[in-house]
Amino acid sequence: MTRRNFALIMPALPWLANGASTSVRGRVTLEGDARPVLLASDGAKTPLRGDRESISVLRDPRLRNDEFELRGQAVGGEFEIDPIHTRAVFIWRGGKRLVVTYWCGICSIRAWTPGKCQCCQEEMDLDPRDPELKDTDPSH
Ligand SMILES: [Zn+2]
């Protein structure tokens, strides 16, 4: 293999793609078209991108006064949140970092994005919790 070919292959290596995740912290405000923007403590604003599920969490009015911690990558002047299944959306409450989940107490079903329970169609409860707990562990 020539040196030139090696250089072309490098960017496709998965450890390079996964190694760039960082965390950002701050409140989330919504600007035009409910577009989420991270508001850092120094007032700096960073537009947020992510999958539909992550954006739904950021838009949840129950989290409007919480400090978020988001894992992902800076892309240009924006921040791209890692996919929802990697558990990239946290809030800080009482000095503890909690992963944002949603819980239906009727069906004992957990979800990672707000909405209606897939089983009973009731609105699911916000249930931020210790990231060490398993999805199947009950709410309290
Ligand atoms: Zn349910």
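Residues: numbered from 1 along the sequence shown. Computed from a prediction, not measured in an experiment: that's the story for all the values here. In each ligand, atom 1 is the first atom listed, and ligand 1 is the first ligand listed.
Chaining together hydrophobic side chains whose heavy atoms lie under 4.5 Å apart places V99 alongside F90. In the hydrophobic clustering, I106 connects to no other residue, as no ILVMFWY side-chain heavy atoms lie under 4.5 Å from its own.
Checked options D60, I91, L98; the residue passing with D66 is I91 (criterion: side-chain contact (heavy atoms from CB on, under 4.5 Å)).
Distances shorter than 2.8 Å separate the Zn ion (ligand 1) from the protein N/O/S atoms C104 SG, C107 SG, C117 SG, C120 SG.
Between the side chain of D130 and the main chain of E132, a donor-acceptor pair closer than 3.5 Å is present. Remark: the backbone N or O of K134 is not paired with any side-chain donor or acceptor of R110 at under 3.5 angstrom.
Taking R25 as the reference, E67 meet the side chain to side chain donor-acceptor pair (under 3.5 Å) condition, with sequence neighbours excluded.
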